[in-house]
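Sequence lines set the chain letters: A, B, ... in the order given, protein chains first and strands last, and positions in each chain run from 1. Excluded from the calculations below are hydrogen atoms, water molecules and symmetry mates; all remaining heavy atoms, backbone and side chain alike, are included. Note that the structure is a prediction, hence the values are computed from the model and not measured.
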There are 2 protein chains.
Amino acid sequence: MKNRTMASSRPSTARKDTGPTQRGQCSKRVSILDAAANVFCREGFSGASIDEIAIEACVSRQTIYNHYREKETLFVAVIEDVMERANAALFSTLSTFPDKPDNLQRDLSEFAIRLTTNCICNQDGKFLRRLVQTEGERYPHLFEGWRQQGPCKISTTLGALFAKLSHRGALRIDDFDLAARQFLALVNADLQMIYLFGGKPTEDELKSAADNAVDTFLRAYGPRERENSAPPAPILVAVS
Amino acid sequence: MKNRTMASSRPSTARKDTGPTQRGQCSKRVSILDAAANVFCREGFSGASIDEIAIEACVSRQTIYNHYREKETLFVAVIEDVMERANAALFSTLSTFPDKPDNLQRDLSEFAIRLTTNCICNQDGKFLRRLVQTEGERYPHLFEGWRQQGPCKISTTLGALFAKLSHRGALRIDDFDLAARQFLALVNADLQMIYLFGGKPTEDELKSAADNAVDTFLRAYGPRERENSAPPAPILVAVS
DNA sequence: GTAAAATTAGACACTATTGTCTAAAACGTC
DNA sequence: GACGTTTTAGACAATAGTGTCTAATTTTAC
């Protein structure tokens, strides 16, 4: 028997009960969705076989066909499941943005680490990077909603948060959405290659990437009186 | 009959003649490699069928098996072909870096546009993004050489170029490789989502992305006396 | 023009996969 | 413990793909 080798980032909240029954069957549905996510992520849509998913989910093949009429139905269900979870994680993490930073440099860096850890480096993030890229053109409508609610919204939401800091004098930004996109880009600058090869950055790599990003971000958008590289005394931006 | 629908970015240079003969056969090899690249890119390795490639290359299936013993051999050949071309384009473009900038802002922006146009937005770039991500874990050794010679080298090469500018006082950079990675990240900040969905940015989008990137890059790393955006009286923090 | 080489279409065996069907077993509820 | 539901294993037809083989045809080289 094969256990789930790669734990999904599924939270323990109750799930939609659109299945045959509510209780014992629900866990089957979860098993299937998790296993299918892993296999689809590893093999792509056409490379994944229902049998492989069944084995990985410790479920008979027929059970999969009972729950999801055909392969494509299952695929769509998996995508929607992962997207929903990913967006939830995204906004949950966004809510931890340092509105009233004690130490802007440190607080932004820690926020960046949370962002990468919870939203980009986890299994769901990897799944979406892969599947959106390979199947995005084939199922345009499927991912459109996620794009609107996720990546597109994150720029404006994060932009609004930067705007607040800006109005309080902690940052000097003209175009908030642009600054948000650039913040995200800088955070991932050192990690792109790791993502591309399906790897997972170490904690040290994450911290260093975040520090580098915030450093440069503040060089560009920080308050004017900020020193530029290695000032001995940290400048505390304490705005009411 | 179906013509090649998507022109490859193949240059008209002579090709390695490792095939059965040199002349007429060479063009068949090229047709096959181009068609296979398109189909693999569109369908992934397991989704691509030899028949489909044969039709798209206007070649009989048997001819493909004559040149490349089996599907995987063809796949590896395609990968190597694309990687070689992509790296060539990369370093060819790097050689147009503005060593002696007339107008740093403008010259860097135009350089950034060349970089995205010639190396990232073309068919080879799309192919590599997709295939490295989906098959990179399955064929680690295959892509390792490309990573060493391409993406890894570009940071250090571009970093060295920034170092030159820095020593001449045009930039103020501590970590040149990091600045190079961040430059690339900023250039792609506005384009990531387009890439992810397999799209191609318009010329306007490319220009705007480049301008935004260079703007922020220079805010962070530009010479100290640089104006920052629209403050009436710039406050110069003159620290020796 | 001729000979060698390459290409082609078609048939072929083999394998893998999808999706259906059935009867037996396990499960949960009352 | 009996009932209805869900799950299971296995067989099954249908389809699609890989890789081989052959004989005819075309292309290329000399």
Side-chain angles (χ1 to χ4, degrees), chain A residues 1-4 14-36 38-40 42-78 135 138, chain B residues 1-4 14-36 38-78 135 138-139:
Chain A
M1 284 302 134
K2 189 176 180 184
N3 287 332
R4 272 189 274 159
R15 302 181 50 74
K16 282 188 282 186
D17 1 302
T18 47
T21 74
Q22 255 99 314
R23 214 157 294 152
Q25 283 58 45
C26 186
S27 82
K28 295 270 174 196
R29 280 183 96 83
V30 173
S31 296
I32 294 172
L33 284 177
D34 284 348
N38 282 334
V39 176
F40 281 134
R42 209 167 51 226
E43 316 281 350
F45 176 76
S46 44
S49 90
I50 300 283
D51 291 280
E52 200 177 346
I53 294 170
I55 291 170
E56 196 149 325
C58 299
V59 144
S60 88
R61 185 182 53 223
Q62 189 54 40
T63 302
I64 295 182
Y65 281 108
N66 287 344
H67 285 274
Y68 307 92
R69 196 169 32 80
E70 57 185 6
K71 191 180 177 183
E72 191 166 316
T73 315
L74 171 60
F75 182 66
V76 171
V78 171
E135 313 292 343
R138 210 185 304 273
Chain B
M1 284 303 133
K2 189 176 180 184
N3 288 331
R4 271 186 274 159
R15 301 180 53 73
K16 283 189 281 185
D17 358 302
T18 46
T21 73
Q22 261 87 323
R23 215 159 290 153
Q25 282 60 44
C26 185
S27 81
K28 294 270 175 196
R29 281 183 96 82
V30 173
S31 295
I32 294 171
L33 284 177
D34 285 349
N38 281 335
V39 176
F40 280 134
C41 184
R42 207 167 52 227
E43 316 281 351
F45 177 77
S46 45
S49 89
I50 300 283
D51 291 279
E52 199 176 349
I53 294 171
I55 290 169
E56 194 148 328
C58 299
V59 145
S60 88
R61 185 182 54 220
Q62 189 53 41
T63 302
I64 295 182
Y65 281 108
N66 288 345
H67 285 273
Y68 308 93
R69 199 168 30 81
E70 57 185 6
K71 192 181 177 184
E72 191 166 315
T73 316
L74 171 61
F75 182 66
V76 171
V78 171
E135 313 293 343
R138 210 187 303 274
Y139 303 86

Working to the nearest 0.5 Å, report the span between CD of A:Glu52 and CZ of A:Arg42.
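If I round to the nearest 0.5 Å, the distance is 5.0 Å.
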Using side-chain contact (heavy atoms from CB on, under 4.5 Å) as the criterion, list what pairs up with A:Ser60, not counting sequence neighbours.
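side-chain contact (heavy atoms from CB on, under 4.5 Å) list for A:Ser60, sorted by chain: A:Gln62, A:Thr63.
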Classify every nucleotide of nucleotides 16-23 of chain C by which part a protein heavy atom approaches to under 4.0 Å, writing B for the base, S for the sugar-phosphate alone and - for neither, in 5'-to-3' order.
--BBBB--
Testing B:Asp34, B:Ile53, B:Val78, B:Ile55 one by one against B:Val39 for a side chain to side chain contact (heavy atoms under 4.5 Å, CB included), which residue passes?
B:Ile53
Just how far, in rounded Å, is [atom2] of [N] from [atom1] of [X]?
| X | N | atom1 | atom2 | answer |
| --- | --- | --- | --- | --- |
| B:Phe40 | D:dG17 | CZ | P | 13 Å |
| B:Phe75 | D:dT18 | CZ | P | 14 Å |
| B:Ile64 | D:dT20 | CD1 | P | 14 Å |

Nearest heavy atoms of A:Glu43 and B:Ser46, plus distance in Å
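Looking at all heavy atoms of both residues, the shortest contact is O-OG, 4.1 Å.
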Ignoring hydrogens, what is the shortest heavy-atom contact between B:Lys28 and B:His67? Give both atom names and the distance.
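What the structure gives for the nearest pair is CB-NE2, 4.4 Å.
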Between the opening five pairs and the closing five pairs of the helix from C:dG1-D:dC30 to C:dC30-D:dG1, how far apart are the helix axes, to 10°?
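If I round to tens, the end axes sit 40° apart.
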At under 4.0 Å, does any side-chain N or O of [X] touch on OP1 or OP2 of [N]?
| X | N | result |
| --- | --- | --- |
| A:His67 | D:dT6 | no |
| A:Lys28 | D:dT8 | yes |
| B:Thr63 | C:dT7 | no |

Parallel, tilted or perpendicular: ring planes of B:Phe45 versus B:Phe40, cut at 30 and 60 degrees
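The arrangement is parallel - the two ring planes meet at less than 30°.
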According to the salt bridge (charged side-chain N to carboxylate O under 4.0 Å, His left out) rule, which pairs have a member within residues 58-71 of chain A, sequence neighbours left out?
A:Asp51-A:Arg61
Once ring-ring contact (aromatic ring centres under 6.0 Å, His included) is applied, do any residues pair with A:Tyr68, and if so which ones, sequence neighbours excluded?
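So A:Tyr68 forms no ring-ring contact (aromatic ring centres under 6.0 Å, His included) with any residue.
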